[in-house]
Amino acid sequence: MANERVAKTARFGLFEVDLDSGELWKDGTRIRLQEQPFRVLAMLLERPGEMVTREQLRSQLWPEDTFVDFDHSLNTAVNKLREALGDAAANPRFVQTIARRGYRFIAPVQRNGMTADSTKSSAEDGNPVERAPKKGEVHPELEVPVPRRGLTRGMFLLIQAMYLIFYLVALFCWQGVQHVAEQSLANWGVSAIVIAVLVTAGVGIPLRCYLISGVAFDHSRFGGKFQRLFPAILVMDELWAIAPFLLAGKIGFGPAFAATAGLLYVPFSERSLVRLAYRDAS
């Protein structure tokens, strides 16, 4: 009986669905949801990542002898579902509309009590179940092919390691940074550069360690946490993007400009990698 009970529970993002009792919970708080929207959600959760046609929804929700404005009733049910999930049709995190055809549930879904051992272990660990992307699958928001999560997480970790090395080298060689700055800047400019390097490196080291640990342990809510930290990460990364110009006297203006141009884009690539790996990022 316990296994049957668990098998009818599904989780995605902060939400938990009890398919047996018809209850929807968000982070421990019950969300009111009427019967028809809940049944739509249940059908979508049965086939995550796959399209459920409007005709399939009609046949399950309304018997053939029921006289109802099907299109209006289904649209109303889906809108109420999105309202309960805090979702939006124009920028979906959970329920994606396939124009004139149906709907698709696009967030990773955890299911307890499944027969597959890998799914059981992932659910027990509290991590999102990694579903291999289908060939040609396109991210609903970024509109790019979806790679495997392991690849995107690995690339994100490499970027964090790069910045961590930047910070450590700058701290160990801060006198060298001061010497380079003295060659082209006034005294106040030299002091500003040295202080900026010391402060941002001191803050950046624990920040990068946090990001590395979050992705390495595949924290289920990492996407949302990264989005909240992104403004601060963007400011820090854009400041460090001008660091190659400190070496312009040795490597030349052209290479320094090219390196800076590449580093200016890195924080946005970090955000894209997180959104690819954690599709429920808010």
May I ask you to decide whether Asp237 forms a salt bridge with Arg208, counting only side-chain N to carboxylate O separations under 4.0 Å? yes
If you define the side chain from C-beta out and look only at heavy atoms, does anything of Met43 sit under 4.5 Å from Leu61? yes
Any side-chain heavy atom of Glu270 sitting closer than 4.5 Å to one from Gln160? yes
Heavy-atom pair with the smallest gap, counting every atom of Leu263 and Phe166: CD2-CE1, 4.3 Å
Cluster question for you: counting only ILVMFWY and a side-chain heavy-atom cut-off of under 4.5 Å, with indirect links fine, are Ile98 and Leu41 together? no
If you compare all heavy atoms of Val197 against all heavy atoms of Trp240, which two are closest, and at what distance to 0.1 Å? O-CZ2, 4.0 Å
Ion pair Glu23/Arg30, N-O distance below 4.0 Å: yes
Are Ile242 and Leu198 co-members of a hydrophobic cluster defined by side-chain heavy atoms under 4.5 Å apart? no
Donor-acceptor contact below 3.5 Å, side chain Thr260 vs main chain Ala241: yes
CG of Asp18 to CG of Leu24, rounded to nearest 0.5 Å, is 10.5 Å
Does Arg275 form a side chain to side chain donor-acceptor pair (under 3.5 Å) with Thr152? I'd like the steps, not just the answer. CA-CA 9 Å; Arg275 293 175 69 186; Thr152 54; over 6 Å; no
CE (Met51) with more than 12 external heavy atoms under 6.0 Å: yes
Enter the distance from Ile31:CD1 to Glu16:CD here, rounded to the nearest 0.5 Å. 12.5 Å
Heavy atoms, side chains only, cut-off 4.5 Å: are Phe12 and Arg93 in contact? no
How far apart are the C-alpha atoms of Leu273 and Ile159, what are their side-chain angles, what is the distance that settles it, and do they pass the side chain to side chain contact (heavy atoms under 4.5 Å, CB included) test? CA-CA 10 Å; Leu273 289 170; Ile159 292 175; 4.0 Å; yes
Side chains of Gln36 and Ser73 in contact at under 4.5 Å (non-hydrogen atoms): no
Do you reckon Met162 sits in the same ILVMFWY cluster as Leu264, going by side-chain contacts under 4.5 Å, direct or chained? no
Would a 4.5 Å heavy-atom cut-off, applied to side chains only, mark Leu207 and Leu229 as touching? yes
Quick one: does Gln56's side chain get under 4.5 Å of Arg47's, heavy atoms only? yes
Closer than 3.5 angstrom, by distance alone: can the side chain of Thr29 be matched with the main-chain N or O of Trp25 as a donor-acceptor pair? no
Taking atom OG of Ser269 and atom CG of Leu276, what is their separation to the nearest 0.5 Å? 11.0 Å
Is any side-chain heavy atom of Leu168 closer than 4.5 Å to a side-chain heavy atom of Tyr163? no
Test side chain to side chain donor-acceptor pair (under 3.5 Å) applied to Arg54 - qualifying residues, sequence neighbours left out: Asp71, Asn75, Tyr103
Nearest 0.5 Å please: distance from the CG atom of Leu44 over to the CG atom of Leu81. 7.0 Å
Strictly distance-based, threshold 3.5 Å: is any side-chain N or O of Arg39 a donor or acceptor partner for the main-chain N or O of Gln34? no
Presence of salt bridge, Arg58 and Glu55, under 4.0 angstrom: yes
Test side chain to side chain contact (heavy atoms under 4.5 Å, CB included) on Ile212 and Leu164; report intermediate values, then the result. CA-CA 10 Å; Ile212 289 173; Leu164 196 56; 4.2 Å; yes
State, with a plain yes or no, whether a side-chain heavy atom of Ile106 is found less than 4.5 Å away from one of Val95. no
Quick one: do Met236 and Val203 satisfy side chain to side chain contact (heavy atoms under 4.5 Å, CB included)? Show the steps, please. CA-CA 9 Å; Met236 289 186 57; Val203 173; 4.2 Å; yes
Among the clusters formed by ILVMFWY side chains lying less than 4.5 Å apart, do Leu239 and Ile165 turn up in the same one? no
Show your working on side chain to side chain contact (heavy atoms under 4.5 Å, CB included) between Gln227 and Arg271 and close with a plain yes or no. CA-CA 8 Å; Gln227 294 296 349; Arg271 183 175 61 177; 4.0 Å; yes
To the closest 0.5 Å, what do you measure between CZ (Phe15) and CG (Asp27)? 9.5 Å
Shortest non-hydrogen pair, Lys80 vs Pro37, comes out as CB-CG, 3.8 Å
Sidechain-backbone polar pair: Asp87 side chain, Phe94 backbone, donor-acceptor under 3.5 Å: yes
Going by the rule side chain to side chain contact (heavy atoms under 4.5 Å, CB included), which residues pair with Phe222 if we only count those two or more places apart in sequence or in a different chain? Phe156, Leu211, Val215, His219, Phe226, Val274, Tyr278
State, to 0.1 Å, how close Ala216 and Arg153 come at their nearest heavy-atom pair, and which atoms those are. O-NH2, 3.5 Å
